[in-house]
Amino acid sequence: MKGNMNIYYDEEGDYLEISVRNTGQTYGEEVGDDITLIKNEETDEIIGIGILNFKKRTRSLSDIKLNLPFEINFSALKI
């Protein structure tokens, strides 16, 4: 997946969304407590993640650590 990373945070709703590529229609697939994978409707490719109750999951917004429901392999990235 290649593209700009978009980060959106709704403080009132305490919702964080991180996505790459905002092309076409998307849908969410809940994969855990307040965790939603955002997928491209046509290809089912995962293009992002949404986290409800985000602040409750962190001690400090300057030290963010999340337990994601999937594995990321940065060594496979090509620049």
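For the side chain to side chain contact (heavy atoms under 4.5 Å, CB included) test, residues two or more places apart in sequence or in another chain that qualify with E41 are Q25, Y27. Among residues two or more places apart in sequence or in another chain, the salt bridge (Lys or Arg N to Asp or Glu O under 4.0 Å) test is passed with E29 by K39. Partners of E11 under the side-chain hydrogen bond (donor to acceptor under 3.5 Å, both in side chains) rule, at least two apart in sequence or in another chain, are K55.
D33 contributes atom CG, which lies 8.5 Å from atom CG of N53 (distance to the nearest 0.5 angstrom). Here CG of L52 is found 8.0 Å from OH of Y15. Values are rounded to the nearest 0.5 Å. Of the inter-residue distances, the one linking I46 atom CD1 with N40 atom CG reads 11.5 Å to the nearest 0.5 angstrom.
Checking side-chain atoms of D14 against main-chain N and O of F54 turns up a donor-acceptor pair under 3.5 Å.
A 4.5 Å side-chain heavy-atom check between I51 and I35 finds at least one atom pair inside the cut-off.
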